[in-house]
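Take a look at the structure set out below.
By convention in this document, chain letters (A, B, ...) are assigned in the order of the sequence lines, proteins followed by strands, and residues within each chain are numbered from 1. Fair warning: this is a prediction, and the values are worked out from it, not measured in the lab.
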Protein chains: 2
Amino acid sequence: MTEDFSTLIHYFERLQKLSPASQEAIKAICSAVHIPKNQDLQAIGHTCKTIYFVKKGIARIYYYKDGTDITESFALENSLIARVESLFTGKPSKKGIQVLEDADFIGIHSPALFDLYDAFPEIERLFRKIFEAAYVDTVNRIESIQFHTAEERYHDLITSSPDILQRVPLKHIASYLGITQVSLSRIRAKGAR
Amino acid sequence: MTEDFSTLIHYFERLQKLSPASQEAIKAICSAVHIPKNQDLQAIGHTCKTIYFVKKGIARIYYYKDGTDITESFALENSLIARVESLFTGKPSKKGIQVLEDADFIGIHSPALFDLYDAFPEIERLFRKIFEAAYVDTVNRIESIQFHTAEERYHDLITSSPDILQRVPLKHIASYLGITQVSLSRIRAKGAR
DNA sequence: CCTACTTTTTAACATATGTAAAAGGAATCC
DNA sequence: GGATTCCTTTTACATATGTTAAAAAGTAGG
């Protein structure tokens, strides 16, 4: 095990102080994963048993709705990505994770992680905090989707992630915003006027 | 303390087995609250420090968006309600909780609850599970909002909560669905044809 | 460099939902 | 029980977004 998981431990420690024993326990269930652009990190139909940390690159969670490809979310550097609706229910996910730029991930094996909760309450606490924060983000996103126009959401997105336009195809941004490519094009044309 | 919190303990035990000591610790930070119809259980601007369990009645979380009253969610009997974006951040909430039918709640004081996490890991685990499940629901709700029409969401709602139509004003259902009363009326008229 | 493929834009038309105003119903209060 | 207020529906019109198709622009491979 020569891999360097310190980036991840550092990320975790900003949320929850971890004893050396906890840190080692976490590292022991991590693995490094490199995936080239346009490949799937996790396929549709697969039950999610790994939480990924993005060291480098971009990934997206996507699924098919009536035959069209929908992006549920993006994950950029220094963030976690997982299909929680499968992770927490144990059911196969209707969603996949695709890599949009050659990417380096750290994978955390979730059944092993959940086993650590008994021996290391601070690890359970860490992930409680992580998912509480993700939950709050998701509640706020509902407000954003439901009560802002697609145009407002587009401008919010490029404000919060200015480089995303250069890094992911517009069609994925359109489906992420809940609109068609055509609508997004119109919005962009309008903004350029 | 003559109050009966056994409904709540029973609700919790379906998710996580609790020792008698944990049960007593939880009961010690609970209180019974009765609120009449149309009153606020928690006001807008107040920092959320109580998680409520609905024993009887209906409540909704609401806020104002450009002056119009928006319902974020409903809570019926045998469910928990809290403004998580305030609960987990400690910031004042822009949302309030209003009672739509005379209601009986059990309030759980959240700072006291979070203090229990150190002494009772199984209580921390219980609430981790509760909020993980709520998180999954919220992720699924985004899919529902973004990729189903208002009409589909209306029919989904009355399928999953058939009695809600009789119990809450349509205007709240409309804003919950992300549409105007007028649109909801149109959808209902269409269905009756 | 040329071809093929993918992505993005543009155009024309259809539809769902929003806005505003008015009217009909239902509940509440004195 | 009449008046008032709130809730719901209806109408007419405006607008945003969807759908389909085609053109244009950009990208990748031989």
Side-chain angles (χ1 to χ4, degrees), chain A residues 36-40 58 60 62 64-71 74 98-102 142-158 163-193, chain B residues 36-40 58 60 62 64-71 74 98-102 142-158 163-193:
Chain A
K37 179 170 175 172
N38 290 332
Q39 270 195 227
D40 268 20
I58 299 194
R60 69 180 183 116
Y62 72 98
Y64 289 97
K65 164 79 186 170
D66 300 332
T68 54
D69 175 318
I70 303 288
T71 296
F74 298 105
Q98 187 194 33
V99 167
L100 299 175
E101 281 178 0
D102 290 16
I142 286 188
E143 189 185 322
S144 157
I145 293 172
Q146 209 157 16
F147 305 110
H148 291 76
T149 63
E151 185 169 350
E152 289 170 322
R153 296 202 306 282
Y154 172 71
H155 290 298
D156 290 349
L157 176 67
I158 57 179
D163 57 333
I164 206 165
L165 283 184
Q166 277 67 52
R167 299 178 69 186
V168 324
L170 285 175
K171 62 177 180 176
H172 295 328
I173 291 176
S175 74
Y176 171 76
L177 293 173
I179 56 178
T180 59
Q181 297 186 59
V182 177
S183 283
L184 180 56
S185 244
R186 273 191 289 239
I187 287 167
R188 285 161 55 78
K190 207 157 118 188
R193 263 203 315 250
Chain B
K37 180 172 177 171
N38 291 331
Q39 269 195 225
D40 270 19
I58 298 193
R60 69 179 182 116
Y62 73 100
Y64 290 97
K65 164 80 185 168
D66 300 331
T68 54
D69 176 317
I70 303 288
T71 295
F74 298 106
Q98 187 193 32
V99 167
L100 298 176
E101 281 178 359
D102 290 15
I142 286 188
E143 188 184 323
S144 157
I145 293 172
Q146 208 156 16
F147 305 110
H148 291 75
T149 63
E151 185 168 350
E152 289 170 322
R153 296 203 306 281
Y154 172 70
H155 290 300
D156 289 350
L157 176 69
I158 58 180
D163 57 334
I164 206 165
L165 282 183
Q166 278 67 52
R167 297 177 72 186
V168 324
L170 286 175
K171 61 176 181 175
H172 296 327
I173 291 176
S175 73
Y176 171 76
L177 294 173
I179 55 178
T180 58
Q181 296 186 60
V182 177
S183 283
L184 180 56
S185 244
R186 274 191 287 240
I187 287 167
R188 286 161 54 81
K190 207 157 117 189
R193 262 206 316 252

Notebook entry, point to check: What bend angle does the helix from dC1(C)-dG30(D) to dC30(C)-dG1(D) show across its length, from five-pair end axes and to the nearest 10 degrees?
Noted result: 40°
Notebook entry, point to check: When you look at NZ of K37(A), are more than 12 heavy atoms from neighbouring residues, nucleotides or ligands closer to it than 6.0 Å?
Noted result: no
Could you tell me the separation between the [atom1] atom of [X] and the [atom2] atom of [N], rounded to a whole number of Å?
X       : N       : atom1 : atom2 : value
L177(B) : dA16(C) : CG    : P     : 17 Å
R186(B) : dT11(D) : CZ    : P     : 11 Å
L184(B) : dT19(C) : CG    : C1'   : 16 Å
Q146(B) : dA16(C) : CD    : P     : 19 Å
Y154(B) : dT8(D)  : OH    : C1'   : 12 Å
I179(A) : dA16(C) : CD1   : P     : 19 Å
I173(A) : dT8(C)  : CD1   : C1'   : 12 Å
L170(B) : dG25(C) : CG    : P     : 16 Å

Notebook entry, point to check: Taking side chain as C-beta onward, heavy atoms only, is D69(B) less than 4.5 Å from Y64(B)?
Noted result: yes
Notebook entry, point to check: With a 4.5 Å heavy-atom cut-off, do R188(A) and L165(A) have their side chains touching?
Noted result: yes
Notebook entry, point to check: Looking at the side chain of A189(A), which of dT17(D), dT8(C), dT10(C) is the nearest nucleotide?
Noted result: dT10(C)
Item checked: Listed nucleotide nearest any side-chain atom of S185(B), set dC7(D), dT10(C), dT10(D) -> dT10(D)
Next item on the list: Please figure out whether V182(B) or T149(A) has its closest DNA chain D nucleotide nearer the 5' end.
Entry: V182(B)
Note to self: Strictly distance-based, threshold 3.5 Å: is any side-chain N or O of S175(B) a donor or acceptor partner for the main-chain N or O of T71(B)?
What the structure shows: yes
Next item on the list: Could you tell me whether a side-chain N or O of E152(A) sits under 3.5 Å from a main-chain N or O of S144(A), the two making a donor and an acceptor?
Entry: no
Check: Taking it one step at a time, do R153(A) and Y176(A) satisfy side-chain contact (heavy atoms from CB on, under 4.5 Å)?
Finding: CA-CA 10 Å; R153(A) 296 202 306 282; Y176(A) 171 76; over 6 Å; no
Margin query: Side-chain N or O of S183(B) versus OP1/OP2 of dT17(C): is the shortest distance under 4.0 Å?
Written below: no
Item checked: DNA chain C: 5'-proximal contact among K37(B) and T180(B) (nearest heavy atom) -> T180(B)
Next item on the list: Run through I142(A), I179(A), I145(A), I70(A) and flag the one making a side-chain contact (heavy atoms from CB on, under 4.5 Å) with Q146(B).
Entry: I145(A)
